[in-house]
Visitor: 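Here it is, the structure, as C-alpha coordinates.
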Number of protein chains: 2
Amino acid sequence: MSTAQGARARARIEVTAAIKDEARRQLAAEGAAKLSLRAVARELGMVSSALYRYFPSRDDLLTALIIDAYDSLGEEAESAHAEVAAAGPRERWITVCVAARRWALAHPHEYALIYGSPVPGYTAPQETVPAASRVGVLLIGVVRDAYGGKGVARTPLPAEMKTEAQRMSAELAPDLPPEVIVALVASWAQLYGLIGFELFGQFNRVVEDREPFFRHAVGRLAHDVGLVYPEQAATAGGPPSP
Amino acid sequence: MSTAQGARARARIEVTAAIKDEARRQLAAEGAAKLSLRAVARELGMVSSALYRYFPSRDDLLTALIIDAYDSLGEEAESAHAEVAAAGPRERWITVCVAARRWALAHPHEYALIYGSPVPGYTAPQETVPAASRVGVLLIGVVRDAYGGKGVARTPLPAEMKTEAQRMSAELAPDLPPEVIVALVASWAQLYGLIGFELFGQFNRVVEDREPFFRHAVGRLAHDVGLVYPEQAATAGGPPSP
DNA sequence: GTCTATAACGAGATAGAC
DNA sequence: GTCTATCTCGTTATAGAC
(Lines give C-alpha, C1' and ligand atoms only; values in the text may rest on other atoms or scores of the structure.)
Protein backbone atom coordinates (compact mmCIF):
# COMPACT_ATOMS: atom_id res chain seq x y z
CA MET A 1 0.00 0.00 0.00
CA SER A 2 2.87 2.32 0.72
CA THR A 3 4.44 1.31 -2.59
CA ALA A 4 1.20 2.06 -4.41
CA GLN A 5 1.09 5.47 -2.80
CA GLY A 6 4.72 5.93 -3.67
CA ALA A 7 4.08 5.12 -7.30
CA ARG A 8 1.11 7.40 -7.34
CA ALA A 9 3.06 10.22 -5.77
CA ARG A 10 5.87 9.65 -8.24
CA ALA A 11 3.49 9.73 -11.19
CA ARG A 12 1.94 12.89 -9.86
CA ILE A 13 5.30 14.58 -9.59
CA GLU A 14 6.19 13.51 -13.11
CA VAL A 15 2.96 14.74 -14.65
CA THR A 16 3.22 18.01 -12.74
CA ALA A 17 6.71 18.50 -14.10
CA ALA A 18 5.59 17.66 -17.64
CA ILE A 19 2.80 20.23 -17.41
CA LYS A 20 5.20 22.92 -16.22
CA ASP A 21 7.74 22.03 -18.90
CA GLU A 22 5.17 22.33 -21.62
CA ALA A 23 3.84 25.55 -20.09
CA ARG A 24 7.37 26.97 -20.13
CA ARG A 25 7.65 26.04 -23.79
CA GLN A 26 4.49 28.00 -24.49
CA LEU A 27 5.75 30.87 -22.39
CA ALA A 28 8.71 31.13 -24.73
CA ALA A 29 6.62 30.88 -27.86
CA GLU A 30 3.59 33.02 -27.08
CA GLY A 31 4.25 34.86 -23.85
CA ALA A 32 2.64 34.58 -20.45
CA ALA A 33 -0.49 36.45 -21.51
CA LYS A 34 -1.40 33.71 -23.96
CA LEU A 35 -0.57 30.76 -21.74
CA SER A 36 -3.49 28.40 -22.23
CA LEU A 37 -4.36 25.34 -20.17
CA ARG A 38 -6.05 23.76 -23.14
CA ALA A 39 -3.02 24.12 -25.36
CA VAL A 40 -0.81 22.62 -22.65
CA ALA A 41 -3.21 19.69 -22.25
CA ARG A 42 -3.48 19.17 -26.00
CA GLU A 43 0.29 19.08 -26.40
CA LEU A 44 0.57 16.53 -23.61
CA GLY A 45 -2.18 14.33 -25.04
CA MET A 46 -4.40 15.01 -22.06
CA VAL A 47 -7.81 16.48 -21.83
CA SER A 48 -7.98 19.99 -20.42
CA SER A 49 -10.11 19.11 -17.43
CA ALA A 50 -7.48 16.60 -16.30
CA LEU A 51 -5.07 19.46 -15.67
CA TYR A 52 -7.27 20.73 -12.89
CA ARG A 53 -6.15 17.79 -10.74
CA TYR A 54 -2.69 19.34 -10.79
CA PHE A 55 -3.39 23.04 -10.95
CA PRO A 56 -6.73 24.37 -9.70
CA SER A 57 -6.65 27.21 -12.25
CA ARG A 58 -4.58 28.84 -14.92
CA ASP A 59 -3.39 31.40 -12.37
CA ASP A 60 -2.11 28.65 -10.10
CA LEU A 61 -0.06 27.25 -12.96
CA LEU A 62 1.34 30.72 -13.58
CA THR A 63 2.17 31.08 -9.90
CA ALA A 64 4.01 27.75 -9.96
CA LEU A 65 6.03 28.86 -12.99
CA ILE A 66 6.87 32.15 -11.28
CA ILE A 67 8.03 30.46 -8.09
CA ASP A 68 10.09 27.97 -10.10
CA ALA A 69 11.72 30.82 -12.00
CA TYR A 70 12.59 32.74 -8.84
CA ASP A 71 13.94 29.56 -7.28
CA SER A 72 16.00 28.71 -10.33
CA LEU A 73 17.50 32.19 -10.34
CA GLY A 74 18.01 32.03 -6.57
CA GLU A 75 19.78 28.69 -6.79
CA GLU A 76 22.09 29.90 -9.54
CA ALA A 77 22.98 32.97 -7.50
CA GLU A 78 23.40 31.04 -4.28
CA SER A 79 25.61 28.33 -5.72
CA ALA A 80 27.76 30.90 -7.50
CA HIS A 81 28.08 32.74 -4.23
CA ALA A 82 28.98 29.57 -2.35
CA GLU A 83 31.99 29.10 -4.58
CA VAL A 84 33.47 32.45 -3.57
CA ALA A 85 32.19 32.48 0.00
CA ALA A 86 35.71 32.99 1.29
CA ALA A 87 36.46 35.96 -0.95
CA GLY A 88 36.07 39.62 -0.13
CA PRO A 89 32.59 41.21 -0.13
CA ARG A 90 33.17 43.11 -3.34
CA GLU A 91 34.03 39.95 -5.26
CA ARG A 92 31.10 38.12 -3.71
CA TRP A 93 28.76 40.95 -4.69
CA ILE A 94 29.95 40.94 -8.27
CA THR A 95 29.73 37.15 -8.43
CA VAL A 96 26.07 37.20 -7.37
CA CYS A 97 25.24 39.91 -9.91
CA VAL A 98 27.04 38.10 -12.71
CA ALA A 99 25.21 34.88 -11.83
CA ALA A 100 21.87 36.70 -11.99
CA ARG A 101 22.74 38.04 -15.43
CA ARG A 102 23.90 34.63 -16.60
CA TRP A 103 20.63 33.07 -15.47
CA ALA A 104 18.61 35.80 -17.17
CA LEU A 105 20.43 35.36 -20.48
CA ALA A 106 19.89 31.60 -20.28
CA HIS A 107 16.19 31.93 -19.36
CA PRO A 108 14.94 35.11 -21.03
CA HIS A 109 11.27 34.17 -21.03
CA GLU A 110 11.26 33.19 -17.39
CA TYR A 111 13.09 36.42 -16.64
CA ALA A 112 10.35 38.31 -18.47
CA LEU A 113 7.78 36.41 -16.42
CA ILE A 114 9.20 37.52 -13.08
CA TYR A 115 10.79 40.89 -13.83
CA GLY A 116 9.01 42.00 -16.98
CA SER A 117 5.57 43.47 -17.55
CA PRO A 118 2.83 42.16 -15.28
CA VAL A 119 0.54 39.55 -16.82
CA PRO A 120 -2.85 41.22 -17.44
CA GLY A 121 -5.47 39.95 -15.04
CA TYR A 122 -2.98 38.16 -12.83
CA THR A 123 -1.67 39.28 -9.48
CA ALA A 124 1.05 37.29 -7.77
CA PRO A 125 0.03 35.84 -4.39
CA GLN A 126 2.12 36.11 -1.25
CA GLU A 127 3.45 32.58 -1.80
CA THR A 128 5.88 33.97 -4.34
CA VAL A 129 7.59 36.26 -1.84
CA PRO A 130 10.12 33.83 -0.29
CA ALA A 131 11.41 32.65 -3.67
CA ALA A 132 11.43 36.22 -4.98
CA SER A 133 13.56 37.33 -2.04
CA ARG A 134 16.44 34.91 -2.42
CA VAL A 135 18.81 37.09 -4.45
CA GLY A 136 18.01 40.09 -2.28
CA VAL A 137 18.71 38.12 0.87
CA LEU A 138 22.02 37.02 -0.60
CA LEU A 139 23.03 40.60 -1.35
CA ILE A 140 22.01 41.71 2.13
CA GLY A 141 24.20 38.95 3.54
CA VAL A 142 27.21 40.10 1.54
CA VAL A 143 26.82 43.66 2.76
CA ARG A 144 26.17 42.50 6.32
CA ASP A 145 29.46 40.59 6.39
CA ALA A 146 31.30 43.56 4.94
CA TYR A 147 29.72 45.84 7.48
CA GLY A 148 30.79 43.55 10.32
CA GLY A 149 34.26 43.64 8.82
CA LYS A 150 34.14 47.45 8.54
CA GLY A 151 34.29 47.33 4.72
CA VAL A 152 31.24 49.54 4.39
CA ALA A 153 31.32 53.22 3.60
CA ARG A 154 28.32 55.09 4.94
CA THR A 155 26.82 57.94 2.98
CA PRO A 156 24.41 60.42 4.58
CA LEU A 157 20.68 60.44 3.88
CA PRO A 158 18.53 63.49 3.10
CA ALA A 159 16.22 64.49 5.95
CA GLU A 160 12.99 63.56 4.17
CA MET A 161 14.18 59.96 3.81
CA LYS A 162 15.06 59.30 7.43
CA THR A 163 11.79 57.75 8.61
CA GLU A 164 11.29 55.61 5.53
CA ALA A 165 14.92 54.49 5.70
CA GLN A 166 14.46 53.45 9.32
CA ARG A 167 11.30 51.53 8.44
CA MET A 168 13.09 49.74 5.60
CA SER A 169 16.04 48.94 7.81
CA ALA A 170 13.81 47.55 10.58
CA GLU A 171 11.94 45.44 8.03
CA LEU A 172 14.83 44.08 5.99
CA ALA A 173 17.97 44.06 8.12
CA PRO A 174 17.75 45.68 11.56
CA ASP A 175 21.46 45.14 12.09
CA LEU A 176 22.42 47.36 9.17
CA PRO A 177 22.29 51.16 9.24
CA PRO A 178 19.42 52.75 7.28
CA GLU A 179 21.63 54.49 4.73
CA VAL A 180 23.18 51.16 3.78
CA ILE A 181 19.77 49.49 3.35
CA VAL A 182 18.57 52.34 1.14
CA ALA A 183 21.63 52.05 -1.08
CA LEU A 184 21.19 48.28 -1.14
CA VAL A 185 17.55 48.36 -2.25
CA ALA A 186 18.32 50.94 -4.91
CA SER A 187 21.25 48.90 -6.19
CA TRP A 188 19.06 45.81 -6.22
CA ALA A 189 16.58 47.54 -8.51
CA GLN A 190 19.36 49.02 -10.62
CA LEU A 191 20.92 45.60 -11.11
CA TYR A 192 17.74 44.44 -12.81
CA GLY A 193 17.68 47.64 -14.84
CA LEU A 194 21.03 46.62 -16.33
CA ILE A 195 19.92 43.03 -16.95
CA GLY A 196 16.55 44.04 -18.37
CA PHE A 197 18.01 46.59 -20.78
CA GLU A 198 20.37 43.99 -22.18
CA LEU A 199 17.75 41.28 -22.38
CA PHE A 200 14.95 43.39 -23.82
CA GLY A 201 17.07 44.95 -26.54
CA GLN A 202 17.60 48.46 -25.20
CA PHE A 203 21.36 48.00 -25.42
CA ASN A 204 21.22 47.00 -29.09
CA ARG A 205 23.54 49.26 -31.03
CA VAL A 206 24.49 50.96 -27.76
CA VAL A 207 26.46 48.44 -25.73
CA GLU A 208 28.11 45.68 -27.74
CA ASP A 209 30.61 44.08 -25.41
CA ARG A 210 28.21 43.51 -22.58
CA GLU A 211 29.93 41.36 -20.06
CA PRO A 212 32.73 43.75 -19.13
CA PHE A 213 30.24 46.60 -19.19
CA PHE A 214 28.00 44.71 -16.79
CA ARG A 215 30.86 43.72 -14.49
CA HIS A 216 32.03 47.31 -14.36
CA ALA A 217 28.53 48.64 -13.68
CA VAL A 218 27.81 46.22 -10.84
CA GLY A 219 31.26 46.97 -9.47
CA ARG A 220 30.10 50.56 -9.20
CA LEU A 221 26.92 49.35 -7.52
CA ALA A 222 29.09 47.49 -5.03
CA HIS A 223 30.83 50.76 -4.37
CA ASP A 224 27.46 52.47 -3.89
CA VAL A 225 26.49 50.07 -1.12
CA GLY A 226 29.83 50.68 0.50
CA LEU A 227 31.82 47.66 -0.67
CA VAL A 228 35.14 49.29 -1.36
CA TYR A 229 38.50 47.68 -1.88
CA PRO A 230 40.12 46.61 1.39
CA GLU A 231 42.79 49.26 1.17
CA GLN A 232 40.12 51.91 0.65
CA ALA A 233 37.96 50.93 3.61
CA ALA A 234 39.57 53.60 5.73
CA THR A 235 39.25 56.46 3.26
CA ALA A 236 35.80 55.29 2.17
CA GLY A 237 33.91 57.22 -0.47
CA GLY A 238 36.55 57.33 -3.16
CA PRO A 239 35.89 56.12 -6.70
CA PRO A 240 36.41 52.43 -7.51
CA SER A 241 39.37 51.41 -9.59
CA PRO A 242 40.40 48.02 -11.04
CA MET B 1 -10.84 70.54 -54.37
CA SER B 2 -8.17 71.61 -51.93
CA THR B 3 -10.88 71.95 -49.27
CA ALA B 4 -12.11 68.48 -50.07
CA GLN B 5 -8.60 67.14 -49.72
CA GLY B 6 -8.17 69.11 -46.50
CA ALA B 7 -11.32 67.60 -45.07
CA ARG B 8 -10.19 64.17 -46.16
CA ALA B 9 -6.82 64.64 -44.54
CA ARG B 10 -8.45 65.90 -41.37
CA ALA B 11 -10.78 62.94 -41.22
CA ARG B 12 -7.90 60.60 -41.74
CA ILE B 13 -6.00 62.15 -38.85
CA GLU B 14 -9.05 61.91 -36.62
CA VAL B 15 -9.72 58.28 -37.42
CA THR B 16 -6.06 57.43 -36.96
CA ALA B 17 -6.14 59.05 -33.54
CA ALA B 18 -9.34 57.21 -32.63
CA ILE B 19 -7.78 53.89 -33.60
CA LYS B 20 -4.72 54.56 -31.51
CA ASP B 21 -6.83 55.68 -28.55
CA GLU B 22 -8.86 52.52 -28.66
CA ALA B 23 -5.72 50.43 -29.10
CA ARG B 24 -4.24 52.07 -26.00
CA ARG B 25 -7.38 51.19 -24.10
CA GLN B 26 -6.95 47.55 -25.10
CA LEU B 27 -3.29 47.71 -24.20
CA ALA B 28 -4.31 48.63 -20.68
CA ALA B 29 -7.00 45.97 -20.46
CA GLU B 30 -5.41 42.97 -22.15
CA GLY B 31 -1.78 43.74 -22.76
CA ALA B 32 0.17 44.25 -25.95
CA ALA B 33 0.32 40.52 -26.75
CA LYS B 34 -3.44 40.37 -27.17
CA LEU B 35 -3.82 43.58 -29.13
CA SER B 36 -6.13 42.67 -32.00
CA LEU B 37 -7.06 44.81 -34.98
CA ARG B 38 -10.45 43.15 -35.05
CA ALA B 39 -11.29 44.07 -31.49
CA VAL B 40 -10.22 47.66 -32.10
CA ALA B 41 -12.41 47.83 -35.18
CA ARG B 42 -15.40 46.32 -33.39
CA GLU B 43 -15.14 48.82 -30.57
CA LEU B 44 -15.02 51.68 -33.07
CA GLY B 45 -18.00 50.37 -35.01
CA MET B 46 -15.82 49.73 -38.04
CA VAL B 47 -15.14 46.58 -39.92
CA SER B 48 -11.70 45.11 -39.47
CA SER B 49 -10.71 45.44 -43.10
CA ALA B 50 -11.26 49.19 -42.90
CA LEU B 51 -8.45 49.48 -40.37
CA TYR B 52 -5.93 48.32 -42.91
CA ARG B 53 -6.35 51.66 -44.70
CA TYR B 54 -4.79 53.26 -41.65
CA PHE B 55 -2.38 50.60 -40.42
CA PRO B 56 -1.15 47.96 -42.86
CA SER B 57 -0.77 45.40 -40.07
CA ARG B 58 -1.05 44.84 -36.37
CA ASP B 59 2.69 45.34 -36.09
CA ASP B 60 2.45 48.77 -37.70
CA LEU B 61 -0.19 49.77 -35.19
CA LEU B 62 2.08 48.51 -32.41
CA THR B 63 4.99 50.48 -33.84
CA ALA B 64 2.89 53.64 -33.92
CA LEU B 65 1.88 53.13 -30.29
CA ILE B 66 5.49 52.56 -29.29
CA ILE B 67 6.69 55.70 -31.05
CA ASP B 68 3.87 57.70 -29.49
CA ALA B 69 4.79 56.39 -26.05
CA TYR B 70 8.47 57.25 -26.46
CA ASP B 71 7.53 60.69 -27.75
CA SER B 72 5.11 61.30 -24.91
CA LEU B 73 7.78 60.35 -22.38
CA GLY B 74 10.36 62.39 -24.25
CA GLU B 75 8.15 65.46 -24.29
CA GLU B 76 7.43 65.20 -20.58
CA ALA B 77 11.14 64.92 -19.82
CA GLU B 78 12.11 67.71 -22.22
CA SER B 79 9.54 70.20 -20.98
CA ALA B 80 10.42 69.45 -17.36
CA HIS B 81 14.05 70.00 -18.24
CA ALA B 82 13.29 73.25 -20.03
CA GLU B 83 11.85 74.67 -16.84
CA VAL B 84 15.13 74.20 -14.98
CA ALA B 85 17.44 74.81 -17.91
CA ALA B 86 19.24 77.52 -15.97
CA ALA B 87 19.86 75.37 -12.90
CA GLY B 88 22.94 73.31 -12.10
CA PRO B 89 23.49 69.99 -13.86
CA ARG B 90 22.68 67.93 -10.82
CA GLU B 91 19.27 69.54 -10.42
CA ARG B 92 18.62 69.22 -14.15
CA TRP B 93 19.56 65.51 -14.04
CA ILE B 94 17.22 64.83 -11.14
CA THR B 95 14.44 66.80 -12.82
CA VAL B 96 14.65 64.68 -15.96
CA CYS B 97 14.64 61.45 -13.94
CA VAL B 98 11.70 62.59 -11.83
CA ALA B 99 9.78 63.52 -14.98
CA ALA B 100 10.43 60.09 -16.46
CA ARG B 101 9.10 58.45 -13.30
CA ARG B 102 6.06 60.73 -13.26
CA TRP B 103 5.26 59.83 -16.86
CA ALA B 104 5.68 56.12 -16.15
CA LEU B 105 3.34 56.24 -13.16
CA ALA B 106 0.77 58.11 -15.25
CA HIS B 107 1.08 55.73 -18.23
CA PRO B 108 1.96 52.32 -16.79
CA HIS B 109 0.78 50.29 -19.77
CA GLU B 110 2.61 52.41 -22.27
CA TYR B 111 5.67 52.13 -20.06
CA ALA B 112 5.29 48.35 -20.13
CA LEU B 113 5.02 48.54 -23.89
CA ILE B 114 8.34 50.31 -24.36
CA TYR B 115 10.42 49.16 -21.39
CA GLY B 116 8.69 45.92 -20.36
CA SER B 117 8.81 42.44 -21.81
CA PRO B 118 9.10 42.23 -25.59
CA VAL B 119 5.85 41.46 -27.40
CA PRO B 120 6.10 37.87 -28.73
CA GLY B 121 6.49 37.82 -32.49
CA TYR B 122 7.13 41.55 -32.76
CA THR B 123 10.46 43.25 -33.28
CA ALA B 124 10.66 47.03 -33.23
CA PRO B 125 11.83 48.59 -36.52
CA GLN B 126 14.53 51.25 -36.75
CA GLU B 127 11.87 53.96 -37.00
CA THR B 128 11.42 53.78 -33.24
CA VAL B 129 15.04 54.71 -32.51
CA PRO B 130 14.81 58.53 -32.64
CA ALA B 131 11.83 58.67 -30.30
CA ALA B 132 13.41 56.08 -28.03
CA SER B 133 16.58 58.17 -27.75
CA ARG B 134 15.04 61.40 -26.52
CA VAL B 135 15.51 60.92 -22.78
CA GLY B 136 19.01 59.56 -23.32
CA VAL B 137 19.94 62.53 -25.48
CA LEU B 138 18.63 64.84 -22.77
CA LEU B 139 20.77 63.16 -20.12
CA ILE B 140 23.83 63.28 -22.36
CA GLY B 141 23.24 67.00 -22.80
CA VAL B 142 23.10 67.59 -19.07
CA VAL B 143 26.37 65.77 -18.52
CA ARG B 144 27.96 67.50 -21.52
CA ASP B 145 27.17 70.92 -20.06
CA ALA B 146 28.52 69.89 -16.69
CA TYR B 147 31.66 68.53 -18.29
CA GLY B 148 32.21 71.79 -20.12
CA GLY B 149 31.74 73.54 -16.80
CA LYS B 150 34.19 71.13 -15.12
CA GLY B 151 31.43 69.70 -12.88
CA VAL B 152 32.27 66.16 -13.87
CA ALA B 153 34.29 63.75 -11.78
CA ARG B 154 36.06 61.12 -13.86
CA THR B 155 36.46 57.60 -12.60
CA PRO B 156 38.95 55.17 -14.13
CA LEU B 157 37.91 52.27 -16.35
CA PRO B 158 39.17 48.69 -16.12
CA ALA B 159 41.51 47.70 -18.94
CA GLU B 160 39.11 45.22 -20.59
CA MET B 161 36.55 47.98 -21.06
CA LYS B 162 38.75 50.50 -22.80
CA THR B 163 38.00 49.63 -26.44
CA GLU B 164 34.28 49.20 -25.92
CA ALA B 165 34.15 52.44 -23.97
CA GLN B 166 35.90 54.25 -26.79
CA ARG B 167 33.47 52.80 -29.32
CA MET B 168 30.50 53.87 -27.21
CA SER B 169 31.94 57.33 -26.76
CA ALA B 170 32.57 57.76 -30.50
CA GLU B 171 29.04 56.58 -31.23
CA LEU B 172 27.09 58.53 -28.62
CA ALA B 173 29.06 61.63 -27.66
CA PRO B 174 32.55 62.00 -29.09
CA ASP B 175 33.11 65.13 -27.03
CA LEU B 176 32.76 63.27 -23.74
CA PRO B 177 35.44 61.02 -22.26
CA PRO B 178 34.74 57.26 -22.47
CA GLU B 179 34.51 56.71 -18.72
CA VAL B 180 31.75 59.31 -18.49
CA ILE B 181 29.77 57.70 -21.33
CA VAL B 182 30.03 54.30 -19.70
CA ALA B 183 28.74 55.67 -16.40
CA LEU B 184 26.00 57.50 -18.28
CA VAL B 185 24.73 54.46 -20.15
CA ALA B 186 24.79 52.37 -16.98
CA SER B 187 22.91 55.07 -15.07
CA TRP B 188 20.39 55.31 -17.89
CA ALA B 189 19.63 51.59 -17.57
CA GLN B 190 19.60 51.80 -13.79
CA LEU B 191 17.10 54.65 -13.87
CA TYR B 192 14.62 52.38 -15.60
CA GLY B 193 15.42 49.63 -13.13
CA LEU B 194 14.19 51.92 -10.36
CA ILE B 195 11.09 52.95 -12.29
CA GLY B 196 10.27 49.42 -13.41
CA PHE B 197 10.59 47.94 -9.93
CA GLU B 198 8.15 50.50 -8.57
CA LEU B 199 5.72 50.14 -11.45
CA PHE B 200 5.77 46.36 -11.69
CA GLY B 201 5.26 45.79 -7.98
CA GLN B 202 8.73 44.70 -6.90
CA PHE B 203 8.83 47.49 -4.32
CA ASN B 204 5.54 46.42 -2.74
CA ARG B 205 6.11 45.93 0.98
CA VAL B 206 9.74 46.97 0.47
CA VAL B 207 9.72 50.67 -0.37
CA GLU B 208 6.63 52.56 0.79
CA ASP B 209 7.53 56.23 0.52
CA ARG B 210 8.75 56.07 -3.03
CA GLU B 211 9.27 59.59 -4.20
CA PRO B 212 12.00 60.57 -1.76
CA PHE B 213 13.57 57.16 -2.27
CA PHE B 214 13.61 57.70 -6.02
CA ARG B 215 14.97 61.23 -5.75
CA HIS B 216 17.74 60.04 -3.49
CA ALA B 217 18.60 57.12 -5.77
CA VAL B 218 18.79 59.23 -8.93
CA GLY B 219 20.80 61.78 -6.99
CA ARG B 220 23.32 59.00 -6.45
CA LEU B 221 23.17 58.19 -10.16
CA ALA B 222 23.95 61.84 -10.84
CA HIS B 223 26.96 61.44 -8.63
CA ASP B 224 27.97 58.30 -10.54
CA VAL B 225 28.09 60.20 -13.82
CA GLY B 226 30.16 62.87 -12.16
CA LEU B 227 27.52 65.50 -11.38
CA VAL B 228 28.68 66.56 -7.96
CA TYR B 229 27.70 69.61 -5.97
CA PRO B 230 29.49 72.77 -7.13
CA GLU B 231 31.60 73.00 -4.00
CA GLN B 232 32.65 69.38 -4.48
CA ALA B 233 33.69 69.69 -8.11
CA ALA B 234 37.30 70.21 -7.06
CA THR B 235 37.53 67.26 -4.66
CA ALA B 236 35.45 65.07 -6.95
CA GLY B 237 34.64 61.51 -5.88
CA GLY B 238 33.23 62.17 -2.45
CA PRO B 239 29.79 60.93 -1.42
CA PRO B 240 26.73 63.06 -2.17
CA SER B 241 25.02 64.86 0.66
CA PRO B 242 21.87 67.01 0.76
C1' DG C 1 -9.54 8.56 -2.75
C1' DT C 2 -7.15 9.62 -7.25
C1' DC C 3 -7.24 10.05 -11.71
C1' DT C 4 -9.03 10.62 -16.65
C1' DA C 5 -12.67 11.31 -19.96
C1' DT C 6 -17.04 13.21 -21.75
C1' DA C 7 -19.89 16.87 -22.18
C1' DA C 8 -21.31 21.21 -21.64
C1' DC C 9 -21.51 26.54 -20.38
C1' DG C 10 -20.71 31.25 -21.94
C1' DA C 11 -17.63 34.07 -23.90
C1' DG C 12 -14.74 35.45 -27.41
C1' DA C 13 -12.00 34.97 -31.88
C1' DT C 14 -11.75 33.71 -36.84
C1' DA C 15 -12.46 32.34 -41.84
C1' DG C 16 -15.19 32.39 -45.64
C1' DA C 17 -19.38 32.69 -48.21
C1' DC C 18 -22.48 35.97 -49.50
C1' DG D 1 -19.58 45.31 -45.24
C1' DT D 2 -22.43 41.50 -43.11
C1' DC D 3 -23.53 36.86 -41.37
C1' DT D 4 -22.74 32.51 -40.06
C1' DA D 5 -20.45 28.34 -39.05
C1' DT D 6 -16.63 26.90 -36.68
C1' DC D 7 -12.86 27.55 -33.97
C1' DT D 8 -10.65 28.97 -29.34
C1' DC D 9 -10.69 29.63 -24.24
C1' DG D 10 -11.37 28.68 -18.76
C1' DT D 11 -14.07 26.32 -16.07
C1' DT D 12 -17.48 23.04 -14.07
C1' DA D 13 -20.43 18.83 -13.52
C1' DT D 14 -20.58 14.11 -13.94
C1' DA D 15 -19.46 9.40 -14.67
C1' DG D 16 -16.47 5.65 -14.57
C1' DA D 17 -11.59 3.19 -14.19
C1' DC D 18 -8.06 2.13 -11.01
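Quick note on labels: first sequence line is chain A, next is B, and so on, each numbered from 1.
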Visitor: Send over the distance from A:E43 CD to D:dT8 P, rounded to a whole Å.
Guide: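 Going from CD in A:E43 over to P in D:dT8 covers 13 Å.
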
Visitor: May I have the distance from A:Y52 (atom OH) to D:dT11 (atom P), rounded to whole angstrom?
Guide: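 After rounding, the gap between these two atoms is 4 Å.
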
Visitor: Need one value for A:L35: base, sugar-phosphate or nothing, where a base atom within 4.0 Å counts as base even if backbone is also close, heavy atoms only.
Guide: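 Answer is sugar-phosphate: A:L35 comes under 4.0 Å of backbone atoms only.
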
Visitor: Rounded to whole Å, how long is the line connecting atom NZ of A:K34 with atom C1' of D:dC9?
Guide: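 One finds 13 Å between C1' of D:dC9 and NZ of A:K34, rounded.
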
Visitor: Base, sugar-phosphate, or nothing: which does A:R53 touch, judged by heavy atoms less than 4.0 Å apart?
Guide: base

Visitor: Which atoms form the tightest heavy-atom contact between A:A32 and A:R58, and what is the distance?
Guide: O-NH1, 3.7 Å

Visitor: Would you say A:S117's side chain and B:S117's backbone share a donor-acceptor pair under 3.5 angstrom?
Guide: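 Looks like yes, one N/O pair under 3.5 Å.
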
Visitor: Any side-chain donor-acceptor pair under 3.5 Å between B:Y70 and B:S133?
Guide: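 The answer is no; no qualifying pair exists.
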
Visitor: Taking atom types as modelled, find out whether A:H109 and A:R24 have a side-chain donor-acceptor pair closer than 3.5 angstrom.
Guide: no

Visitor: Any idea which heavy atoms bring A:D145 and A:R92 closest together, and the distance?
Guide: OD2-NH2, 2.8 Å

Visitor: When you check the side-chain N and O atoms of B:D60 and B:T63, is any donor under 3.5 Å from an acceptor?
Guide: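 There is no such pair (donor and acceptor under 3.5 Å, judged by atom type) between the side chains of B:D60 and B:T63.
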
Visitor: Please state how far atom CG in A:D59 lies from atom P in D:dC9, giving the value in whole angstrom units.
Guide: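 One finds 16 Å between P of D:dC9 and CG of A:D59, rounded.
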
Visitor: Which part of the nucleic acid, if any, lies within contact of A:F55, taking any heavy atom under 4.0 Å across all strands shown: a base, the sugar-phosphate backbone alone, or nothing?
Guide: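 No contact.
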
Visitor: Within the 4.0 Å limit for protein heavy atoms, which parts of nucleotides 5-18 of chain C are touched? Write it as a string from 5' to 3', B for base, S for sugar-phosphate only, - for none.
Guide: BB-B----SSB---

Visitor: Does a side-chain N or O from A:Y54 land closer than 4.0 Å to OP1 or OP2 of C:dT4, or not?
Guide: yes

Visitor: Mind calculating the distance between CD1 (A:I13) and P (C:dC3) to the nearest angstrom?
Guide: 11 Å

Visitor: OP1 or OP2 of C:dC3 sitting under 4.0 Å from any side-chain N/O of A:R12?
Guide: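 Looking at the OP1 and OP2 atoms of C:dC3, one of them is under 4.0 Å from a side-chain N or O of A:R12.
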
Visitor: Minimum heavy-atom separation for B:L194 to B:A217, with atom names?
Guide: CD1-CB, 3.7 Å

Visitor: Mind calculating the distance between CG (A:L51) and C1' (D:dG10) to the nearest angstrom?
Guide: 11 Å

